[in-house]
Amino acid sequence: MQTVKSVFIVAGKILLSAAIIILLVLIGFLIYAAVQLMAGRSADDVLSYTSISLSQMSIQGFAFIIGTLIMYAAFDRKHGWSLGLKQQKPFRLAVEGLAAGILLMTVSALLIWLCGGVSFNSVTFDNTVLASMSSGVLLFTIVSVNEELFSRGYLQGLIKHHFGGTAAIIVPSLLFAALHLQNNNVLDNPLPLLNLFLAGIVLAVSREWSGGLWMPIGLHLTWNYFQGYVYGFEVSGNKVDSLIHLTREGSDTISGGAFGAEGSLLTTLVLLAGTFAIMRYYRTPKLPVSGEPKRQ
């Protein structure tokens, strides 16, 4: 009976958090549209939507951050579990995450290239690419912070409080994949959603074994950034101006297709290996694998 009650409590909080975030996004876009119209932009320009736009992703990102903090402060802080932001040596953990993201994406890109999935044609470093790469740092910092705070900070902590560590790793990873269902080409074949789920597992294990959010935030940032702005793949279906230019060759199963490296079977293998490597690197979880998390 207690389990059924917990299911309803968790489901209700997830739905309420989604409603709050959607409301904040709508408010943010209305303010953004009003400012743009007052600045003289046409209604058609304001209404045109590009999912990789820095301003629009910023609105969504801050909506997730504010909505998550509202939910945690209003309902869950009193229960004693942490969002994972307060850690010892956060800078070191963030750097470890940044390095892990670069390593995992670099291995994925090299395997895709070695197996004939792509060819790397040229390197361009001009003012357009420099501006794109510079804005990309800010863009993916916002993305990594808001997605990790919501998925690994709030959802993982909430589910762990009620159901233990295994559910806290699996369920938020499923929800993390579901959050990307609106992305371009995500349903071209099963691999993009599978790899998004496995990326969620890697990030959830990073949160569990490192004891907080700084390691997964760093990993998430450089995984996305190097995939798109350095190696030239689409980032979860979104194309950006990149340092390296590539051409897809062979089957989408190897190249990842129009979804990017996250659509490749080779990336599936890298994500599985990365999960076990992170567990081995940190030896034991800093948070208990089951039961209520310790206050940080």
(message) Please confirm whether the ring centroid of Tyr72 lies under 6.0 Å from the ring centroid of Tyr154.
(response) no

(message) Could you check whether Lys89 pairs with Glu96 (Lys NZ or Arg NE/NH1/NH2 to Asp/Glu carboxylate O, under 4.0 Å)?
(response) no

(request) Check the angle between the aromatic planes of Phe140 and Tyr229 and answer parallel, tilted or perpendicular using the 30° and 60° thresholds. (result) perpendicular

(message) Between Phe259 and Phe233, is the ring centroid distance below 6.0 Å?
(response) no

(message) What I'd like to find out is whether the side chain of Trp223 reaches to under 4.5 Å of the side chain of Leu271, using heavy atoms alone.
(response) yes

(request) Supply the members, apart from Phe91, of the Ile/Leu/Val/Met/Phe/Trp/Tyr cluster built from side-chain contacts under 4.5 Å; use none for a lone residue. (result) Val95

(message) Can you confirm whether more than 12 heavy atoms, excluding those of Phe276, are under 6.0 Å from its CZ atom?
(response) no

(message) I'd like to know if Val137 and Met133 are part of one continuous hydrophobic network [Ile/Leu/Val/Met/Phe/Trp/Tyr, side-chain heavy atoms within less than 4.5 Å].
(response) yes

(request) Quick one: name the residues clustered hydrophobically with Ile22, using the 4.5 Å side-chain heavy-atom rule over I, L, V, M, F, W, Y, and just say none if it's on its own. (result) Leu26

What pairs of donor and acceptor atoms, side-chain ones from residues 99-111 against any protein atom, are under 3.5 angstrom apart with sequence neighbours left out?
| from | atom 1 | to | atom 2 | distance (Å) |
| --- | --- | --- | --- | --- |
| Thr106 | OG1 | Ile102 | O | 2.6 |
| Thr106 | OG1 | Tyr231 | OH | 2.6 |
| Ser108 | OG | Leu104 | O | 3.0 |

(message) By the salt bridge (Lys or Arg N to Asp or Glu O under 4.0 Å) test, which pairs, at least two apart or in different chains, include something from residues 133-156?
(response) Glu148-Arg152

(message) Could you work out, with ring pair (Phe, Tyr, Trp, His ring centres under 6.0 Å) as the rule, every residue matching His180, not counting sequence neighbours?
(response) Phe176

(message) Listing request: all side chain to side chain donor-acceptor pair (under 3.5 Å) pairs with a residue in residues 121-144, at least two apart in sequence or in separate chains.
(response) Ser119-Asn121, Asn121-Thr247, Thr124-His245

